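Accompanying notes for the structure given below.
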Amino acid sequence: MNLRLLIVLLCPCNKEVGGGYLRNCKSSFHGKVIHDQSFFRTEISSSVGGRIVVASVLGRKVKKRETVVPDPDYRIPIVLIGAAGGLAYTNNLLPAAPVGLLGLLLLFQTTRVRFVFDDEALEVKVGDEFNESGENVFVGGKNCWKYSTFVNWELWWPNFPILVYFKETQTKPEGQVHFFPVIFNGKQLYDVMVERAGPSKTSGPK
């Protein structure tokens, strides 16, 4: 909520205004002077013949962006499990086994892994309580990356997203690449990535 007070002051110098002081006053002013003290801002907006019109505005807190958690999407694990079932039905047991195992793994991960987009960073968490996911098993470090360190990102493919890629410089200065299966709502994931990390820049990872 803004509180705007118009105070008409006569100069002399060092007149107290809103808990602060206006110093080195002259008989007339042109332009704008801003005096900040804690949450108070004082503006010299106009003057005529030594009379100074001062507007004091109660400062406002900067509003943070809300935390976004894309919904889980089970399409990829279901497709893989279905493909494994089809392969097994046609006696192609050798390829059916790894495809089926991958489908079951992704099905399990879809129930527990969450991408959490807060105001400053993307973090991978687990469970409905959004518990810490621990260190990254491939590159080490916490599974949390600030948007300001993102170099590039891509979503393959927009119509049926399967894989999300991004490169960041937080893990190491030369850049670290990450790949994750899209086990989340693809549209929600794309929209929040564009909002927080900016539009994707290329058609593939560098």
Side-chain angles (χ1 to χ4, degrees), residues 65-90 92-172 174-206:
R65 293 174 293 189
E66 65 178 355
T67 298
V68 176
V69 182
D71 297 328
D73 190 329
Y74 294 87
R75 287 182 297 175
I76 292 178
I78 288 174
V79 167
L80 290 174
I81 293 172
L87 289 169
Y89 181 77
T90 58
N92 292 302
L93 299 181
L94 189 61
V99 172
L101 289 174
L102 178 59
L104 290 174
L105 174 63
L106 291 181
L107 181 65
F108 174 68
Q109 293 292 72
T110 304
T111 64
R112 61 189 295 271
V113 175
R114 299 290 180 266
F115 270 17
V116 179
F117 295 84
D118 64 19
D119 185 49
E120 296 182 347
L122 160 63
E123 184 170 1
V124 179
K125 295 194 174 184
V126 294
D128 294 333
E129 301 298 324
F130 302 133
N131 299 315
E132 298 289 335
S133 58
E135 287 198 359
N136 190 295
V137 296
F138 297 104
V139 299
K142 188 178 179 181
N143 288 309
C144 181
W145 307 277
K146 291 186 176 181
Y147 310 126
S148 58
T149 68
F150 279 34
V151 176
N152 185 34
W153 68 272
E154 292 295 335
L155 189 67
W156 291 294
W157 286 263
N159 292 330
F160 188 80
I162 296 175
L163 198 66
V164 61
Y165 143 87
F166 63 89
K167 182 179 180 181
E168 46 80 19
T169 57
Q170 179 175 306
T171 304
K172 54 185 181 181
E174 62 271 26
Q176 176 63 54
V177 171
H178 302 269
F179 292 93
F180 291 93
V182 179
I183 52 178
F184 320 100
N185 183 296
K187 186 179 186 308
Q188 294 175 358
L189 178 62
Y190 178 82
D191 289 345
V192 72
M193 287 289 285
V194 170
E195 179 196 356
R196 306 291 164 94
S200 58
K201 298 177 181 178
T202 67
S203 58
K206 294 288 188 180

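Everything numeric in this text was worked out from a predicted model, so none of it was measured.
- Each salt bridge (Lys or Arg N to Asp or Glu O under 4.0 Å) pair with one or both residues in residues 94-103, not counting sequence neighbours, would appear here, but there are none.
- For E120, the side chain to side chain donor-acceptor pair (under 3.5 Å) test picks out no residue, with sequence neighbours left out.
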**Prompt:** side chain to side chain contact (heavy atoms under 4.5 Å, CB included) between M193 and F117: does it pass, once the steps are laid out?
**Reply:** CA-CA 9 Å; M193 287 289 285; F117 295 84; 3.5 Å; yes

**Request:** Check step by step if salt bridge (Lys or Arg N to Asp or Glu O under 4.0 Å) holds for K146 and E168.
**Result:** CA-CA 8 Å; K146 291 186 176 181; E168 46 80 19; over 6 Å; no

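- Residues satisfying the side chain to side chain donor-acceptor pair (under 3.5 Å) criterion with D118, sequence neighbours excluded, are absent altogether.
- Relative orientation of the F166 and F150 rings is parallel, given thresholds of 30° and 60° on the angle between their planes.
- K187 pairs by the side chain to side chain donor-acceptor pair (under 3.5 Å) definition with D191, not counting sequence neighbours.
- Scanning for side chain to side chain contact (heavy atoms under 4.5 Å, CB included) contacts around T169 gives T149, V151, with sequence neighbours left out.
- More than 12 heavy atoms of other shown residues, nucleotides or ligands fall within 6.0 angstrom of atom CD in E174.
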Can you give the donor-acceptor pairs under 3.5 Å from side chains of residues 75-85 to other protein atoms, not counting sequence neighbours?
unit_1, atom_1, unit_2, atom_2, d
R75, NE, D73, OD1, 3.2
R75, NE, D73, OD2, 3.1
R75, NH2, D73, OD2, 3.1

Which side-chain N or O atoms in residues 98-110 pair as donor and acceptor under 3.5 Å with protein atoms at least two apart or in another chain?
unit_1, atom_1, unit_2, atom_2, d
Q109, OE1, R112, NH1, 2.9
T110, OG1, L106, O, 2.6

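- Between the side chain of N185 and the backbone N or O of Q188, at least one donor-acceptor pair lies under 3.5 Å.
- At a threshold of 4.5 Å between non-hydrogen side-chain atoms, the residues H178 and W145 count as touching.
- Residues that satisfy the ring-ring contact (aromatic ring centres under 6.0 Å, His included) test with F184, not counting sequence neighbours, are F115.
- In this structure L163 satisfies the side chain to side chain contact (heavy atoms under 4.5 Å, CB included) test together with W156, F179, sequence neighbours excluded.
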